[in-house]
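This report refers to the structure that appears directly beneath it.
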Amino acid sequence: MASDELPVRPAEAAVKAVVEGPNSLAAAFGRELSMASRSVHADDYINNHQAVAPPMHVSTTFRYNRDPEQLRPWDNLDPNAPYDSHVYSRDSAPNTTRFEALLTSVLGAPSLSYASGLAAFHAMIVFLNPKRVAIGGGYHGCHGILHIMKKLNGLEQLELEDDADLAKLEKGDVIHVETPLNPTGEARDLAYYRKIANEKGCYLTVDATFAPPPLMDPFKYDTDIVMHSATKYFGGHSDMLAGVLAIRPDRAEKWLPELKEERLHLGGVMGSLEGWLGVRSIRTLELRVKRQSESAQNLVDFLAEQKAAGDNNIIAQSVFKIQHASQQPEAKDENSWLRKQMPNGFGPVFSLWLESEEKAKRLPSKLQLFHHATSLGGVESLIEWRAMTDPKVDRRLLRVSIGVEGWGDLRDDLVQGLQKLKEEGY
């Protein structure tokens, strides 16, 4: 890599580009607009063309000013497009800049995009550079990153739910909480882990992929960095890979330019097509997530009621356990940490444990509306025999991601699928 690609840009310029623009919309109204309106209009300040639909730019590099007196390293300001000025797409590009503007608005904190959720997690760990990370179960890919970091620098991985391990934490270490948890959809108490982080002088980071806005706001708990696999709900159509880091606003002035500089060198940037797809998708984020979460809740309630009714129905005869945040004891208490943390719904993902591995392995092939595939968050409902991608999970577990179909149709699909298994002797 040529050395002339590496100078650090002024910190205030990086922050201004992602903070001041989105704030202009609230300034025009004298108040914060709804998430639904911001998802559609928070990037309007970037517009420099009469087209209503943002165009897709594929260029990797951008012309410098023709006036030699205006040439400044890593400062290629176009006066006709002050918020859409770029040098090289590994640093910034039109589509990803627009996507980050929308993310900054809906997440309520300055946000950077990455090539994938794991690219974002890797960038976060590299940036914070802890000696120890306390992490629980959750997505196995994050554990894989920590395993690589251990090979490189001896990073110690601690168990999040082990008091003896938490006692080993020191100042500058990381407490990483995934909530709701992959693959079960169960939630963890962020206030509890914030308290421990304060006592130990640790950073609190949260993977909120399973509870995107408007379901949960981890910054209410002074989370230092919130990450999302944007492949899931921000993308929402199973057609793009992306990751996001959102930085606590009072840390953004220092952290944002440093993270952006490190992203330039690590190279984990989104492609232009993915940035364009992300902009398209985030317009309907609230619509999709609310419907998906409500449908998941209806389906979980139905399954739980059937299971509790006795052995005279196919659900009770087939389902061993249902896991979802709504099934945690705290969900019934309106004053509990869970109800305060997730006031707008418990998320569109849950897990079903069937009575045997064979049933879990075979049920997806009996369904018509659920695709048997990994991932989650798309408009189509997915079901995965989770052992296909996570070797450590119980082989009776099915992860269910609810899409935007009618929940009653999904209910009937699960019932007929289980009935077919019974008829075949499983």
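Scope of the values below: all heavy atoms of this structure, side chains included, with no hydrogens, waters or symmetry mates.
- The structure places NE2 of His265 at 9.5 Å from CG of Asp91, a figure rounded to the nearest 0.5 Å.
- Residues Phe121 and His176 place their aromatic rings such that the two centres sit under 6.0 Å apart.
- For the atom pair CD of Glu156 and CD of Glu170, the computed distance is 9.5 Å after rounding to the nearest 0.5 Å.
- A donor-acceptor pair under 3.5 Å is formed between the side chain of Gln341 and the backbone N or O of Leu190.
- Using a 4.0 Å cut-off between a side-chain N of Lys or Arg and a carboxylate O of Asp or Glu, Asp390 and Lys392 do not qualify as a salt bridge.
- Note that CH2 of Trp407 and CG of Leu299 are 6.5 Å apart. Values are rounded to the nearest 0.5 Å.
- Evaluated for a side-chain contact (heavy atoms from CB on, under 4.5 Å) with Thr205, the options Ile135, Val133, Val174 yield exactly one hit, Val174.
- Residues Asp43 and Arg283 are paired through a salt bridge, judged by an N-O separation under 4.0 Å between the basic side chain and the carboxylate.
- Listed for the Arg395 side chain is no donor-acceptor partner under 3.5 Å among the backbone atoms of Glu357.
- The main-chain N or O of Arg362 is found under 3.5 Å from a side-chain atom of Ser365 such that the two form a donor-acceptor pair.
- Among residues at least two apart or in separate chains, salt bridge (Lys or Arg N to Asp or Glu O under 4.0 Å) pairs with a member in residues 228-241 are Asp239-Arg280.
- Side-chain N or O atoms of Ser318 include none that pairs as donor or acceptor with a backbone N or O of Ile315 at under 3.5 Å.
- Heavy-atom minimum distance, His228 versus Pro212: CE1-CA, 3.9 Å.
- Ring geometry for Trp353 versus Phe320: interplanar angle of 30 to 60°, hence tilted.
- In this structure, a donor-acceptor pair under 3.5 Å is present between the side chains of Glu384 and Thr389.
- Not one N or O on the side chain of His57 forms a donor-acceptor pair closer than 3.5 Å with the backbone of Ser272.
- Note on Asp189 versus Arg194: no salt bridge recorded, every NZ/NE/NH1/NH2 to OD/OE distance being 4.0 Å or above.
- Rounding to the nearest 0.5 Å places NZ of Lys171 at 14.5 Å from CG of Leu169.
- A salt bridge links Glu100 with Arg263: the closest approach of a Lys/Arg side-chain nitrogen to an acidic carboxylate oxygen falls below 4.0 angstrom.
- Atoms CG and NZ, on Leu303 and Lys321 in that order, are 15.0 Å from each other to the nearest 0.5 Å.
- Side chain of Glu380 to backbone of His371: no donor-acceptor contact under 3.5 angstrom is found.
- Closest of all the heavy-atom pairs between Pro55 and Trp276 is O-CD1, 3.6 Å.
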Query raised in the report: Run the side chain to side chain donor-acceptor pair (under 3.5 Å) check on His86 and Ser92 step by step: do they pass?
Result: CA-CA 6 Å; His86 311 279; Ser92 69; 2.8 Å; yes

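- Considering every non-hydrogen atom in both Ala187 and Gln328, the closest pair reads N-OE1, 2.6 Å.
- No hydrogens or angles considered: nothing links the side chains of Asn298 and Glu294 as a donor-acceptor pair under 3.5 Å.
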Requested in this report: Let me see the working for Leu102 and Phe234 under side chain to side chain contact (heavy atoms under 4.5 Å, CB included), right down to the final yes or no.
Outcome: CA-CA 10 Å; Leu102 290 163; Phe234 293 133; over 6 Å; no

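- If you take OG on Ser351 and CD1 on Ile322, they are separated by 11.0 Å, rounding to the nearest 0.5 Å.
- Here Glu199 pairs with Lys195 in a salt bridge; the nearest charged N to carboxylate O distance falls below 4.0 Å.
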Report task. For Thr96 and Glu274, run side chain to side chain contact (heavy atoms under 4.5 Å, CB included): C-alpha distance rounded to whole Å, both residues' side-chain angles, the deciding distance at 0.1 Å, then the answer. Result -> CA-CA 8 Å; Thr96 50; Glu274 287 75 18; over 6 Å; no

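- Side-chain contact check for His324 and Ser326: at least one donor-acceptor pair (N or O, by modelled atom type) lies under 3.5 Å.
- With sequence neighbours left out, the side chain to side chain contact (heavy atoms under 4.5 Å, CB included) criterion links Lys366 to Lys420, Leu421, Glu424.
- Between the side chain of Ser229 and the backbone N or O of Thr209 there is no donor-acceptor pair closer than 3.5 Å.
- In this structure, the side chain of Asp165 engages the main chain of Glu159 through a donor-acceptor pair within 3.5 Å.
- In this structure, Trp255 and Tyr203 have perpendicular ring planes: the angle between them is above 60°, well past the 30° mark.
- A donor-acceptor pair under 3.5 Å is absent between the side-chain atoms of Ser111 and the main chain of Ala246, judged by distance alone.
- Residues Ser113 and Phe99 share a closest heavy-atom pair of CB-CD2, 4.2 Å.
- Although no hydrogens or angles enter the test, the distance criterion places a donor-acceptor pair under 3.5 Å between the side chain of Lys307 and the main chain of Val319.
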